[in-house]
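Beneath this line is the structure, given in structure tokens, with notes to follow.
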Protein chains: 2
Amino acid sequence: MSVQERKQRERAERERLIVATARELAEQQGWDAVTTRRLAERIEYSQPVLYSHFRGKREIIGAVALEGATEMAAALRAATSAEHTPRARVTALAHAYLDFAERNPAVYDALFQLDGGLTYAQEDTPEPLKDAFAALLECLTDVAGDGIHPGLFTEVFWASLHGLATLTRAGRLLPGDAGQRVRLLVDRLAVA
Amino acid sequence: MSVQERKQRERAERERLIVATARELAEQQGWDAVTTRRLAERIEYSQPVLYSHFRGKREIIGAVALEGATEMAAALRAATSAEHTPRARVTALAHAYLDFAERNPAVYDALFQLDGGLTYAQEDTPEPLKDAFAALLECLTDVAGDGIHPGLFTEVFWASLHGLATLTRAGRLLPGDAGQRVRLLVDRLAVA
DNA sequence: GACCCGATCCTAGCACCGCTAGACAATCGA
DNA sequence: TCGATTGTCTAGCGGTGCTAGGATCGGGTC
């Protein structure tokens, strides 16, 4: 059975290579540049090999999104754990979120802008996505305020961050005042 | 000169037809379905005719966006003008904004998600875009709060609405609690 | 060691995309 | 009436995501 195991291992390794390469290419040149031909060339296999791992380009985007969700959750938790007051934690969370979006635009797009074939806010939502939302929830529950459902508050806060992230990156908002916008948002939304 | 005038008129008319058809097709079947071939077929001209009006598909998207911006500004002003307190105006504004996004998803995408080749937040930003932002600003200035720049406040409020609109439509938020989310947002962000 | 057979991979091609060159027809001014 | 200009179309380029079908390789069996 050792041969089969080796093959399985190699196959899994190649799958990771595909996802990593797609992500790298997307970060370098944008998702438009991630074509099945280019991707196949970079991993040094022919196009159809991609389709033996994923149903199509959409699923590859989805795989990058899941990888990104795990990283984002970790980044958010790391940023908030260093702070000692609820208010400071929320500020750190907001900055960490926007930083992640700015530093990993392609991953952020895969998560929240593109169609990766993933389901959100459902029971069958993949675990990494649920966990990323949980990372937000953990921090934001403390400042939701009395009588406000933490989930609802988290959704609103998250939507605001998402709006800032996407509008800034799309050139709809000038990046200069980002700090002021975060401060205003946290000041108003978070209950002390 | 009458002949030339007639031709100019017909040409302008055809341009309107292109934009209207693109918009209609996008609303019916999504922007992916708006291909130059299909668009040409619908207006009953050949493909190259499109390129005598617009540089390319991107400019067509931009034209739809500008048309949409004008409509959105009008819709926001209409909604807010019926209310008599600042707080009620802001609530009406938020609902009108999200309604517009929900009822005209393709136009909303052209405005804020897709690349229509337009510049935002600059001096050479097209007038309709500036005016749409102005419509938000007019209403939100009253609730920005002391010492807060109305423009900054408007950006943050707008980003929050944009986040809610896009995440909801992309399936990232369930549409059920939309009303509660708006109330929470207005309650916290708007200073009475 | 030779053979079979299944898994694996690639070549070639499909229909479609945005966009454009060049041929052709219609129309205008002289 | 004729030449020039304008307008439109046909045909085609290089690209896209995706797939059918043949070649090749390697493990398991005799």
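The chains referred to below are lettered A, B, ... by the order of the sequence lines, with proteins before strands, and numbering in each begins at 1.
B/R38 has a side-chain polar atom (N or O) that falls below the 4.0 Å cut-off from OP1 or OP2 of C/dC17. Regarding contacts with the backbone of D/dT16, a side-chain N or O of A/T35 is found under 4.0 angstrom from either OP1 or OP2. Between B/R55 and C/dT20, a side-chain N or O to OP1/OP2 separation shorter than 4.0 Å is absent. Side-chain N/O atoms of A/R37 include none lying less than 4.0 angstrom from OP1 or OP2 on D/dG15.
Counting to the nearest Å, the P atom of D/dG17 and the CG atom of A/D115 are 15 Å from each other. Summarising the geometry, the separation between CZ on B/R11 and P on C/dT27 is reported as 17 Å, rounded to the nearest angstrom. Atom CD in A/E10 sits roughly 11 Å away from atom P in C/dT8 (whole-Å rounding). In this structure, NZ of A/K57 is placed 12 Å from C1' of D/dG15, rounded to the nearest angstrom. Atom P of nucleotide C/dC10 and atom CD1 of A/I43 are separated by 9 Å, given to the nearest angstrom. Rounded to whole Å, the distance from CD on B/E41 to C1' on D/dT10 is 16 Å. Atom C1' of nucleotide C/dC17 and atom CD1 of B/I61 are separated by 13 Å, given to the nearest angstrom. The CG-P distance, from B/D32 to C/dG18, rounds to 10 Å in whole Å.
Here the nucleotide nearest the side chain of A/P48, chosen from C/dG18, C/dT11, C/dC9, is C/dT11. Closest approach to the B/T36 side chain among D/dG17, C/dG18, D/dT8 is made by C/dG18 (side chain taken as heavy atoms from C-beta onward).
The six-membered or imidazole ring of B/Y97 lies away from that of B/F157, with a centre-to-centre distance of 6.0 Å or more.
Of the charged side-chain nitrogens involved, at least one lies within less than 4.0 Å of a carboxylate oxygen, so that B/R16 and B/E13 count as a salt-bridged pair.
In this structure, B/F133 and B/W158 have perpendicular ring planes: the angle between them is above 60°, well past the 30° mark. Aromatic ring pairs are classed by plane angle as parallel below 30°, tilted from 30° to 60° and perpendicular above 60°; the pair B/F112 and B/H162 is perpendicular.
At a cut-off of 3.5 angstrom, the base of C/dC19 holds at least one donor-acceptor pair with the side chain of B/Q47.
Geometric assessment of B/R169 against the ring of B/Y108 yields a negative cation-pi assignment under the 6.0 Å and 45° thresholds.
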